Q: 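The following block contains the structure, expressed as structure tokens.
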Amino acid sequence: MKILVLNCGSSSVKYQLIEMTGRKALARGLMERIGMKGAVLSHRRYDGDKVKLAAAIPDHQAAIECVLSILLSANHGVITDSGEIAAVGHRVVHGGEKFRTSVLINPEVMDQLEECIELAPLHNPHNIKGIKACGRLLPQAPQVAVFDTAFHSQMPDFAYLYGIPYSLYKKYGIRRYGFHGTSHYYISRRAAGMLGRDIKELKLVTCHLGNGCSMAAVDGGVSIDTSMGFTPVEGLLMGTRCGDVDPAALLHIMGREELSLGDANVLLNKHSGLLGISGVSNDMREILQESQNGHRRARLALAVFCYRVRKYIAAYGAAMGGLDGVVFTGGIGENAPEVRELCCRKLAFLGIELDFEANNAMVSKEGFICTPTSKVKVLVVPTNEELVIAEDTEKIVKQMARKEQT
Ligand code: ADP
């Protein structure tokens, strides 16, 4: 069974076509600058064949049409008929409290997805556009929505409630939801496999450190707490998002700088984080480079970034009442040994002992970066959110087929 996995952002569509027998990505790619001048599709086939195409792409439907045509193309394609796509799995950012697991998309689900827009106005509308476009372009293929929030939906109330009037939680759903769920799910399962242990008996802290960064406390396979909150702004320092900040400080800034709600949103989401502190870049590679060159604020940004990860590791150990493993993933988590080392500093009291040589050697691959005697194991696991989306889609489509038979 071939499943198309789509991640539709505001101006981009990421895709993978996965053959479920053998869990093999036949092709993957990214369409960028949708609706802008100079839209470009970067496509890569399983055998290494690569192509970049420029096209006029006014909207998500045109982007997905372009993706389908390259998947079908004689020179760079991997299928000969769009009917070979058995189903489409969509990453949907926010499922609110309605969606705790992945779902088959039908008209009723579409209505409920529309209702979730107010929780994630920057993300969900684009996910919905992708679903609608596929309904038109691949009418034969069932579609499944896989939510970033679902893995965190079993958090206890004392972990997800904020200290604001309870009525606001009831009225507007203001609470911690958490994101990057498919990534935390994947790396926790993979880590259990590498440890040769049942996930049900493990207490793991998972660290997804990319442009967006979040951590989760995964106790017995269940996320019981996570650092992102009502939106993906809370928690760790990120490329351009601030993470934890005193909410009253924001009110103060808004007053002093006469910022509108929109301005404040841009400040927290686009001008903060590594970029805001360093004044140099939102990209960890540049922050590391400039730190080495002695740039004071780049060093400061790096220090804030790693200090927060370290605090959350210890906090989540406390939340779970124990710790068996810490797992790193994401562009930074997979590729930056310096960052991992700083994140694990001073954690010997918890039983974390990094193997510096193993850590330095672990770039873009999976493995252990702790000493053999480290009580708490430290691992690097390249994430694979697309595979989780494809597996959930396959499961749901097969369930649907069984139901139709009976
Ligand atoms: P996204 O969250 O958009 O999927 P990624 O997971 O690709 O992002 O992570 C992007 C981040 O990873 C950027 O900050 C980038 O600088 C960082 N990164 C990628 N490669 C390296 C590297 N070799 N060393 C340090 N940081 C890296």
Side-chain angles (χ1 to χ4, degrees), residues 5-16 25 28-33 42 44 91 93 122-123 126-127 146 148 178-187 190 206-216 226-228 231-243 269-293 295 298-299 301-306 308-309 327-344 359-366 369 380-389:
V5 175
L6 290 179
N7 178 356
C8 297
S10 58
S11 64
S12 70
V13 172
K14 252 193 203 169
Y15 63 94
Q16 264 191 38
R28 65 184 73 198
L30 173 67
M31 167 69 82
E32 290 172 285
R33 301 184 58 81
S42 316
R44 191 190 165 109
R91 176 199 183 202
V93 170
L122 301 178
H123 296 98
H126 312 295
N127 306 150
V146 179
D148 256 34
F179 300 88
H180 289 145
T182 47
S183 181
H184 291 291
Y185 174 87
Y186 177 81
I187 64 169
R190 185 71 206 123
T206 48
C207 313
H208 180 111
L209 310 179
N211 278 317
C213 299
S214 71
M215 290 172 59
T226 188
S227 59
M228 282 179 169
T231 73
V233 171
E234 197 184 352
L236 301 175
L237 196 76
M238 312 184 206
T240 58
R241 289 181 224 147
C242 58
N269 279 286
K270 304 265 184 222
H271 297 160
S272 299
L274 291 173
L275 175 66
I277 294 181
S278 71
V280 170
S281 174
N282 63 322
D283 188 308
M284 184 55 93
R285 282 166 292 203
E286 285 181 52
I287 295 292
L288 288 167
Q289 186 61 53
E290 287 304 315
S291 298
Q292 273 176 8
N293 295 343
H295 191 290
R299 279 191 179 167
L302 179 64
V304 174
F305 184 96
C306 298
R308 281 203 193 169
V309 174
V327 195
F328 286 97
T329 197
I332 299 171
E334 292 168 30
N335 297 301
E338 309 90 318
V339 173
R340 294 190 302 245
E341 185 181 328
L342 289 169
C343 294
C344 292
N359 182 39
N360 286 333
M362 203 64 64
V363 174
S364 296
K365 56 183 178 188
E366 85 177 14
I369 56 169
V380 176
V381 177
T383 195
N384 196 342
E385 293 160 284
E386 290 82 5
L387 184 60
V388 174
I389 295 173

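Given the structure is predicted, the values throughout are model-derived calculations rather than measurements. Just so you know, ligand 1 is whichever comes first in the structure, and atom 1 is the first atom listed for that ligand.
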Q: Locate the shortest heavy-atom distance separating Val380 from Gly333; write the atom from each residue and the value.
A: CG1-O, 4.0 Å

Q: One thing to verify: whether Glu385 and Arg91 come together as a salt bridge, which I'm taking to mean a side-chain N less than 4.0 angstrom from a carboxylate O.
A: no

Q: Taking only non-hydrogen atoms of Gly212, do any sit less than 4.0 angstrom from ligand 1?
A: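 Checking ligand 1 against Gly212, which is what was asked, there is a heavy-atom contact under 4.0 Å.
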
Q: Of the protein's non-hydrogen atoms, which lies at the shortest distance from atom 4 (O) of ligand 1, and what is that distance?
A: Lys14 NZ, 4.2 Å

Q: Nearest protein heavy-atom contact for atom 18 (N) of ligand 1: which residue, which atom, what distance?
A: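 That would be Gly331 O, 3.5 Å.
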
Q: Which residue holds the protein heavy atom closest to atom 10 (C) of ligand 1, what is that atom called, and what is the gap in Å?
A: Asn211 N, 3.7 Å

Q: Once you round to the nearest 0.5 Å, how far does OG of Ser227 lie from NE2 of His180?
A: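 It is 9.0 Å, given to the nearest 0.5 Å.
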
Q: Should you measure from each heavy atom of Ala336, which atoms of ligand 1 turn up under 4.0 Å away?
A: 25 (C)

Q: My understanding is that we take every heavy atom of each candidate and find the minimum distance to atom 27 (C) of ligand 1. Doing that for Glu286, Met238, His208, Arg285, which one comes out nearest?
A: Arg285

Q: Report the C-alpha distance between Ser183 and His208 in whole Å, list the side-chain angles of each, state the deciding distance to 0.1 Å, and finish with yes or no for side-chain hydrogen bond (donor to acceptor under 3.5 Å, both in side chains).
A: CA-CA 7 Å; Ser183 181; His208 180 111; 2.8 Å; yes

Q: Are any non-hydrogen side-chain atoms of Val363 and Pro337 less than 4.5 angstrom apart?
A: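 With C-beta onward as the side chain, the pair touches.
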
Q: Taking atom 22 (C) of ligand 1 as the point of reference, which of Asn7, Asn335, Ile332, Leu274 owns the nearest heavy atom?
A: Asn335

Q: Should Met284 be counted as touching ligand 1, given the test is an N or O pair under 3.5 Å?
A: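 Between Met284 and ligand 1 (N or O atoms, distance only) the closest approach is under 3.5 Å.
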
Q: Within the 4.5 Å heavy-atom criterion, are Glu334 and Ser364 side-chain neighbours or not?
A: no

Q: Quick test of your reading of the structure: of Val363, Leu209, Asp283, Thr329, whose heavy atom lies closest to atom 16 (O) of ligand 1?
A: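 The residue whose heavy atom sits nearest atom 16 (O) of ligand 1 is Asp283.
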
Q: State whether the side chain of Thr383 and the backbone N or O of Gly330 hold a donor-acceptor pair below 3.5 Å, judged by distance alone.
A: no

